[in-house]
Each structure stands twice: as structure tokens, then as C-alpha cells.
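These notes concern the structure reproduced below.
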Amino acid sequence: MGFNTIERKSYLYGVLKAYLSRAFHMFYKISVEDKSGVEEGEPIIYAPNHQNALIDPLVLLFTRKSQIIFFARSDIFKNKIIAKFLYFIKMLPVFRIRDGYENLHRNQAIFDKTMSVIASGSGLGIFPEANHAGYRKLRSLKKGISRVAFQTELNYNEELNVKIVPVGIEYEHYYWFRSKVHVNYGKAISVKDYIEDYKENIPNGVNKLNGAIRDSIIPLIVNIQFKGNEYEAVDFLTEINFNIENSTEDLSFEDRIKHDQKLVENITRFQYLDEDIFSKIIRKTNEYRKLLKEVRTDDYSVQRVQNKRSCIGIILLLILTFPLYIIGALFNYLPYKLVYMSTRNIEDIQFHGTMYFTLGALVSFPVFYLIYFFVLKSILSVYVALILLVIIGFLGVFSYDYWRLYIKMKRGMRMKKSSKKQKELFRLRKVLVNFLESLR
């Protein structure tokens with residue numbers, strides 16, 4: 001597999017994808033909604049929002065059957081061995097001005113290959129925002145995606161009928177193990193609908209198609225178009241609102257996204273109606289967030305204590321299942337800890353999920369589990385060793401969930417150490433809850 005044959009299906013790549021897909025669906029709890037109306041194998045360009053570094057293309061890849069091809073920075077292709085591997089995992093280089101003006105002409109060969117990739121039906125993934133950012137908002141779109149789409153359609157005499165599929169990716173948390181991810185494939189955009197505009201006036205055609213892509217992605221995501229402290233406050237208000245709506249804890253992650261979208265729309269409208277009250281709510285929200293950090297608790301725990309919900313059931317469950325937690329932690333702590341330590345010097349937390357998944361799925365857990373298998377096989381039969389290995393895996397997941405439940409309980413108990421801070425948390429939360437209820 002190399003540059004010239006990158007669009008061809010690869011059996012070896014397919015095997016690797018199948019293994020990593022299973023691991024990925026264990027790492028994240030993924031739900032998919034598909035309203036695209038296209039069949040894989042058609043000339044498709046996928047256009048997702050970009051929040052979570054290399055996890056975003058993996059989300060796309062592992063929720064489609066196609067061997068989708070993506071772009072990457074050209075500087076990581078300098079080493080020939082690394083370049084071969086990148087071509088194998090279906091990545092194409094893109095040369096930027098910072099890579100040197102003398103290299104920009106090499107983008108023509110990449111562009112020609114891109115057109116053949118689209119025509120082959122392999123599927124091309126382009127992030128219209130170009131780079132990632134850990135914000136629940138759609139940033140400005142670059143024009144490259146529209147130019148590629150138009151040029152491909154014209155290069156094939158307008159017979160391909162290239163489709164752009166908008167994609168919205170929403171994360172419960174960017175890098176927590178077992179957190180939820182929702183992938184929403186929106187209705188496909190036909191490039192042919194804008195081709196006449198492009199032929200009449202290139203900038204106008206590009207802008208119109210870019211606008212259509214933007215307008216198609218926005219309904220698929222939570223789009224908080226605020227900045228700085230206002231963004232942080234509004235994002236946090238969606239969490240409080242969901243905790244209120246989810247008091248019986250039966251709402252799905254898809255439900256949360258819908259509630260968040262509606263709330264953000266209501267807050268955005270309210271900002272223009274009463275700027276003074278809006279500013280006050282932002283201030284109170286950030287005060288509440290600051291106090292939560294001081295107490296080392298969260299809004300979910302405040303709500304439970306405020307509603308006088310008992311922790312006895314959780315405590316009994318933790319006591320009864322403690323032996324299972326110990327066994328699971330004993331066999332899975334080291335491979336987990338090694339992966340966790342790998343992110344200590346990585347400042348961009350959006351890359352933490354990438355490191356956790358790739359190192360965990362390809363290095364840490366496979367190595368440790370192979371060691372466990374050979375040790376068990378030397379004592380027991382192969383079949384018993386395999387069964388025990390599966391049990392160790394399930395107990396590892398159980399131990400993680402056990403620890404998360406323990407942390408939840410501990411956060412609730414921390415509040416009771418300071419009655420003064422607890423009362424202040426209750427007071428601030430009541431102000432915010434009243435505001436949220438007034439928006440309904």
C-alpha cells in the first residue's frame with residue numbers, strides 16, 4: 001500500500017481496522033444516527049466538526065464500513081518508513097506555506113490523487129475547520145473542501161454526482177474511558193446543486209457551498225457561540241440543565257444533546273432581551289463553578305444532596321462488590337497506569353484521548369494480556385486460559401466503573417465537611433435553576 005494505490009481496499013488494513021474498531025467501541029460508548037441518504041461506495045466527502053484531535057477521524061472511520069482516507073500534515077511524511085505506514089493507514093500529505101513555498105507545487109499531485117480517491121468511492125474525510133479545538137462550537141470553515149468538491153465534479157464532466165455528508169460528533173467527555181459519543185450523519189449535500197454558481201463566479205460558488213455545509217453541520221451539534229467566561233458558563237449551564245431534566249436518570253446521551261441545543265438557543269435569545277440579567281447569570285454560574293472546584297465536588301452531587309437522596313444503596317453496592325474490584329484492579333491497574341502516565345507532558349488535552357486509546361489498544365493492554373495468557377497457559381489448558389483472560393478483561397471494565405461510582409459517592413460526602421460552603425452551593429444553584437426553568 002503506497003501513494004499510488006491508497007484508494008484500493010487493503011485486506012491487512014481491514015483486519016487492523018476490525019480489531020481497533022472493537023477496541024474503540026469498548027473505549028467509547030458510541031451511538032450513530034444516519035440521515036445522510038447515501039450508500040457507501042458513492043463519491044462521498046465527509047465533513048465532520050473537529051474537537052478531539054485524532055479521535056475524530058477514528059470516530060468517523062469506525063462508524064462506516066468504507067476505508068476512508070484523510071489528510072495529514074506533510075512534515076510527518078519526511079521519514080520514508082513512517083510515510084509508508086501513513087499511506088498504509090490511508091493518510092495523504094498536505095503541504096502548507098509553513099512547509100516552504102518550494103513544496104507547495106507538490107499539492108497538485110495530492111489534489112489529483114484526491115480526485116481519484118473520491119471517484120473510487122473509498123470516501124474522503126475532510127475537517128472543514130482544518131484544526132481541532134476543545135469547544136462545543138463550529139468555528140469558521142476553510143474553503144478547501146468546497147474547492148476539492150467542485151474541481152472533482154468538473155474533472156469528471158459533472159457525471160460523478162459528488163456528495164458532501166455533514167457530520168456532527170458530540171462527546172460526553174473527550175478522553176474518559178467508557179464515556180459516550182454520538183455521531184450524527186446529516187442529509188448529504190449534492191455538489192451539482194451549486195456547480196452553476198461556481199462556474200459563473202468561483203468565489204461566490206465556494207462561499208455558497210461552504211455556507212450550505214456550515215448550515216448543515218450546526219443542527220447536528222451543540223453550537224455554543226460565546227467566548228471566554230461566557231462560553232464556560234453557558235457550557236456549564238447545559239450540565240446543570242441536564243441534571244435537572246435527568247433527575248430519574250433515564251435520559252440517553254442523544255436526549256442530552258437535544259436538551260443542550262434547545263437551551264443554548266434559548267440563552268442566546270435571552271442575551272439580547274436582557275443583557276443585565278444575562279451578565280448576572282454568567283457571574284453567578286462562574287461563582288458556582290469556582291466553589292465546586294474548592295469543595296472538589298460537582299453539580300450532580302450537589303443536586304443529590306440538595307434533594308436528600310440517600311447514598312446507602314451505593315455504599316452497600318460498593319461493599320458487596322469490593323472483592324471483584326480488587327481482582328479487576330490487580331490485573332488491569334499497571335497497563336492502565338502506563339497509558340495514563342504517557343499524557344503527563346502533553347499540554348493539549350485533546351490529544352489525551354488519542355494517546356489513551358492508541359497506546360492502550362496497540363501496546364499496553366495487548367502486551368500485558370499476552371503475558372497473562374502465557375503464564376496461565378503454562379499452568380492450565382489453553383481454553384481455560386482464554387476464558388480467564390476474558391474474565392480479567394470484564395473485571396477490568398467493572399473495576400473502572402466501580403471507581404467512578406466511588407468517586408461520585410465521595411464527591412457528595414465532601415460537601416458535608418463545610419456546612420457554610422454547602423449552603424452557598426445550594427443558594428447559587430437555586431438561582432441558576434430558577435433561571436433555567438424560566439427559559440422553558
Report summary line: With sequence neighbours left out, the residues meeting side-chain contact (heavy atoms from CB on, under 4.5 Å) with F77 are A72, A83, L86, Y87, M91, P93
How close do [X] and [Y] get, counting heavy atoms only, and between which atoms?
{"X": "F71", "Y": "V94", "result": "CD2-CG2, 3.3 Å"}
{"X": "V38", "Y": "A188", "result": "CG1-CB, 3.5 Å"}
{"X": "L220", "Y": "E170", "result": "O-CG, 4.5 Å"}
{"X": "D56", "Y": "H50", "result": "OD2-ND1, 2.7 Å"}
{"X": "K143", "Y": "N210", "result": "CA-ND2, 3.8 Å"}
{"X": "N332", "Y": "G396", "result": "ND2-CA, 3.2 Å"}

What's the spacing between [X] [atom1] and [Y] [atom2] if we round to 0.5 Å?
{"X": "K65", "Y": "S21", "atom1": "NZ", "atom2": "OG", "answer": "12.0 Å"}
{"X": "M409", "Y": "R404", "atom1": "CE", "atom2": "CZ", "answer": "15.0 Å"}
{"X": "K410", "Y": "S301", "atom1": "NZ", "atom2": "OG", "answer": "12.5 Å"}

Ring centres of [X] and [Y] under 6.0 Å apart?
{"X": "W403", "Y": "Y406", "result": "yes"}
{"X": "Y231", "Y": "Y135", "result": "yes"}
{"X": "Y171", "Y": "H173", "result": "no"}
{"X": "Y369", "Y": "Y372", "result": "yes"}

Between the main-chain N or O of [Y] and the side-chain N or O of [X], is there a donor-acceptor pair closer than 3.5 Å?
{"X": "T321", "Y": "L324", "value": "no"}
{"X": "T297", "Y": "M415", "value": "no"}
{"X": "N223", "Y": "K137", "value": "no"}
{"X": "K17", "Y": "S66", "value": "yes"}
{"X": "Y13", "Y": "F88", "value": "no"}
{"X": "K113", "Y": "N4", "value": "yes"}
{"X": "E42", "Y": "E39", "value": "yes"}
{"X": "T63", "Y": "V59", "value": "yes"}
{"X": "N266", "Y": "L263", "value": "no"}
{"X": "D260", "Y": "V222", "value": "no"}

Could you check if a side-chain atom of [X] sits within less than 4.5 angstrom of a side-chain atom of [Y], using non-hydrogen atoms only?
{"X": "R411", "Y": "R296", "result": "no"}
{"X": "Y336", "Y": "S399", "result": "no"}
{"X": "T238", "Y": "D235", "result": "yes"}
{"X": "I240", "Y": "L237", "result": "yes"}
{"X": "I118", "Y": "I45", "result": "yes"}
{"X": "I164", "Y": "Y46", "result": "no"}
{"X": "F24", "Y": "L61", "result": "no"}
{"X": "I218", "Y": "Q261", "result": "no"}

Report task. Output, in order, the C-alpha distance, side-chain angles, deciding distance and verdict of salt bridge (charged side-chain N to carboxylate O under 4.0 Å, His left out) for D298 and K408. Result -> CA-CA 9 Å; D298 59 8; K408 272 187 178 182; over 6 Å; no
Could you tell me whether [X] atom [atom1] has more than 12 heavy atoms of other residues or ligands within 6.0 Å of it?
{"X": "I81", "atom1": "CD1", "value": "no"}
{"X": "F426", "atom1": "CZ", "value": "yes"}
{"X": "Y19", "atom1": "OH", "value": "yes"}
{"X": "L316", "atom1": "CG", "value": "yes"}

Query raised in the report: Under the side-chain hydrogen bond (donor to acceptor under 3.5 Å, both in side chains) criterion, do R440 and N241 qualify, and how do the steps go?
Result: CA-CA 11 Å; R440 292 173 189 163; N241 188 63; 2.9 Å; yes
[X] and [Y]: side chain donor to acceptor below 3.5 Å:
{"X": "R8", "Y": "Q67", "value": "no"}
{"X": "N243", "Y": "D299", "value": "yes"}
{"X": "H259", "Y": "N246", "value": "no"}
{"X": "N52", "Y": "Y175", "value": "no"}

**Report entry** Criterion side-chain hydrogen bond (donor to acceptor under 3.5 Å, both in side chains) on S179 and Y174, from CA distance to verdict
**Finding:** CA-CA 8 Å; S179 59; Y174 290 126; over 6 Å; no
Requested in this report: Determine, step by step, whether I391 and I387 satisfy the side-chain contact (heavy atoms from CB on, under 4.5 Å) criterion, reporting the C-alpha distance in whole Å, the side-chain angles of both residues, the deciding distance to 0.1 Å, and the verdict.
Outcome: CA-CA 6 Å; I391 292 172; I387 291 169; 4.0 Å; yes
Between [Y] and [X], is the closest basic N to carboxylate O distance under 4.0 Å?
{"X": "E265", "Y": "K262", "value": "no"}
{"X": "R139", "Y": "E129", "value": "yes"}
{"X": "R64", "Y": "D34", "value": "yes"}
{"X": "R256", "Y": "E245", "value": "no"}

Query - Evaluation steps, side-chain contact (heavy atoms from CB on, under 4.5 Å), between L436 and I244 - result: CA-CA 9 Å; L436 293 171; I244 299 168; 4.0 Å; yes
Requested in this report: Quick one: sort the F435 and F270 rings into parallel, tilted or perpendicular, breaks at 30° and 60°.
Outcome: perpendicular
Query raised in the report: Should the pair K90 and F70 be classed as cation-pi, given the thresholds of under 6.0 Å to the six-membered ring centre and 45° from the axis?
Result: no
Query raised in the report: Given R427 and E424, is the salt bridge (charged side-chain N to carboxylate O under 4.0 Å, His left out) satisfied, shown in steps?
Result: CA-CA 5 Å; R427 186 189 69 80; E424 182 63 9; 2.7 Å; yes
Query - Evaluation steps, salt bridge (charged side-chain N to carboxylate O under 4.0 Å, His left out), between K35 and E33 - result: CA-CA 7 Å; K35 306 189 198 82; E33 194 172 348; 2.9 Å; yes
Requested in this report: List the steps and the verdict of side-chain contact (heavy atoms from CB on, under 4.5 Å) for D401 and R178.
Outcome: CA-CA 8 Å; D401 290 338; R178 306 290 290 156; 4.2 Å; yes
Requested in this report: I would like to know whether H132 and Q51 meet side-chain contact (heavy atoms from CB on, under 4.5 Å); could you show each step before the answer?
Outcome: CA-CA 5 Å; H132 72 268; Q51 295 182 24; over 6 Å; no
Report task. Please report the C-alpha distance between F27 and F177 in whole Å, then the side-chain angles of each, then the deciding distance to 0.1 Å, and finally whether the ring pair (Phe, Tyr, Trp, His ring centres under 6.0 Å) criterion is met. Result -> CA-CA 5 Å; F27 191 91; F177 178 60; 5.7 Å; yes
